[in-house]
Amino acid sequence: QVQLVESGGGLVQVGGSLRLSCAAVGSISSIEEMGWYRQGPGEQRELVATLTTYGTTNYADSVKGRFTIARDNAKYTVSLQMTNLEPEDTAVYYCFAQAKTPWNPSLRNYWGQGTQVTVSS
């Protein structure tokens with residue numbers, strides 16, 4: 001089983017910065033893609049940023065130029081540096097990983113429990 005442990009959420013003022021971190025723990029054979037999604041109040045979960053093992057990034061248009069995703073493939077960790085935060089960034093942020101385990105050679109999606117980010121004006 002794979003668990004994603006998140007940290008780093010909190011309350012910040014408009015224009016401030018926060019850094020989210022996530023570590024994948026458990027019996028892991030490999031991780032293809034890691035990243036972050038978010039879900040605002042009354043909204044559907046949406047992609048924020050993802051990063052593949054090979055370094056391919058994918059950012060939501062709304063965060064390009066403000067958020068930076070980074071990953072340590074050897075440690076199975078991913079981080080999201082968020083700058084110039086806006087009230088619209090307020091949401092629960094979920095870590096995501098697409099992984100294989102010794103008992104399941106197929107890629108499977110895993111999710112963290114979520115961490116709250118609140119941007120106040």
Side-chain angles (χ1 to χ4, degrees):
Q1 189 62 278
V2 177
Q3 289 185 320
L4 302 181
V5 181
E6 303 150 332
S7 61
L11 174 65
V12 64
Q13 292 187 331
V14 170
S17 299
L18 276 177
R19 180 183 175 89
L20 304 181
S21 297
C22 174
V25 297
S27 298
I28 301 169
S29 297
S30 63
I31 296 181
E32 170 61 27
E33 187 173 53
M34 292 190 81
W36 297 90
Y37 284 69
R38 68 186 180 187
Q39 187 168 13
E43 299 179 359
Q44 291 187 331
R45 191 173 298 188
E46 64 176 4
L47 179 145
V48 177
T50 59
L51 178 56
T52 70
T53 302
Y54 308 103
T56 302
T57 58
N58 186 21
Y59 288 97
D61 288 342
S62 60
V63 308
K64 285 180 181 177
R66 300 188 299 121
F67 291 10
T68 303
I69 189 170
R71 178 176 166 178
D72 187 326
N73 291 334
K75 296 181 178 179
Y76 298 136
T77 61
V78 65
S79 63
L80 185 70
Q81 180 66 48
M82 305 184 291
T83 63
N84 196 18
L85 283 159
E86 304 168 352
E88 292 74 23
D89 296 316
T90 294
V92 176
Y93 284 69
Y94 295 91
C95 181
F96 162 81
Q98 199 176 50
K100 294 180 181 180
T101 66
W103 298 276
N104 187 351
S106 301
L107 284 171
R108 178 184 170 184
N109 295 337
Y110 294 89
W111 296 92
Q113 78 282 3
T115 184
Q116 178 70 46
V117 171
T118 303
V119 184
S120 68
S121 54

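- The cationic group of Arg45 lies under 6.0 Å from the six-membered ring centre of Tyr94 and within 45° of the ring axis, placing it in a cation-pi geometry.
- Contacts classified as side chain to side chain donor-acceptor pair (under 3.5 Å) and involving residues 25-36 (residues at least two apart or in different chains) are given here: Glu33-Thr50.
- Every residue two or more places apart in sequence or in another chain was checked for a salt bridge (Lys or Arg N to Asp or Glu O under 4.0 Å) with Arg19, and none qualifies.
- Residues forming a side chain to side chain contact (heavy atoms under 4.5 Å, CB included) with Asn109 (at least two apart in sequence, or on another chain): Phe96, Gln98, Trp111.
- To the nearest 0.5 Å, atoms NZ (Lys100) and CZ (Arg108) are separated by 15.0 Å.
- In terms of the side-chain hydrogen bond (donor to acceptor under 3.5 Å, both in side chains) criterion, residue partners of Gln116 (sequence neighbours excluded) are, by chain and number, Thr118.
- Take Ser21 and apply the side-chain hydrogen bond (donor to acceptor under 3.5 Å, both in side chains) test, not counting sequence neighbours, and it matches no residue.
- Side-chain heavy-atom separations under 4.5 angstrom define the hydrophobic clusters, and Leu107 shares its cluster with no other residue.
- Residues that satisfy the side-chain hydrogen bond (donor to acceptor under 3.5 Å, both in side chains) test with Thr53, not counting sequence neighbours, are Arg71.
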- Message: Would Trp103 and Gln1 count as a side chain to side chain contact (heavy atoms under 4.5 Å, CB included) here? Give the steps.
- Response: CA-CA 9 Å; Trp103 298 276; Gln1 189 62 278; over 6 Å; no
- Task: Might you work through the side chain to side chain contact (heavy atoms under 4.5 Å, CB included) test for Val25 and Val2, ending with a clear yes or no?
- Result: CA-CA 6 Å; Val25 297; Val2 177; over 6 Å; no
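- Distance check: Leu51 CG to Thr57 OG1 gives 6.5 Å after rounding to the nearest 0.5 Å.
- Heavy atoms of other residues, nucleotides or ligands lying less than 6.0 angstrom from CD of Gln44 number 12 at most.
- Two residues are said to be in side-chain contact when any heavy atoms from C-beta on lie closer than 4.5 Å; Ser17 and Gln81 meet this criterion.
- Annotation: side chain of Thr115 is not in contact with side chain of Val92 (no heavy-atom distance under 4.5 Å).
- Scanning for side-chain hydrogen bond (donor to acceptor under 3.5 Å, both in side chains) contacts around Lys75 gives an empty result, with sequence neighbours left out.
- Applying the side chain to side chain contact (heavy atoms under 4.5 Å, CB included) criterion to Val12, with sequence neighbours excluded, gives Leu18, Leu85, Val119.
- Side chains of Asp89 and Arg38 form a contact here, defined as non-hydrogen atoms less than 4.5 Å apart.
- Sequence neighbours left out, not one pair with a member in residues 48-91 passes ring-ring contact (aromatic ring centres under 6.0 Å, His included).
- Between atom CG of residue Leu80 and atom CD of residue Glu6 there is a gap of 11.5 Å, rounded to the nearest 0.5 Å.
- Follow the hydrophobic side-chain contacts under 4.5 Å out from Tyr37 and you never reach Val117; the two are in separate clusters.
- At a threshold of 4.5 Å between non-hydrogen side-chain atoms, the residues Val78 and Ile69 count as touching.
- Residues Met82 and Tyr93 are in side-chain contact: their nearest non-hydrogen atoms beyond the backbone lie under 4.5 Å apart.
- Ser121 pairs by the side chain to side chain contact (heavy atoms under 4.5 Å, CB included) definition with Val14, Pro87, not counting sequence neighbours.
- Considering only residues two or more places apart in sequence or on other chains, Asn84 meets the side chain to side chain contact (heavy atoms under 4.5 Å, CB included) condition with Arg66.
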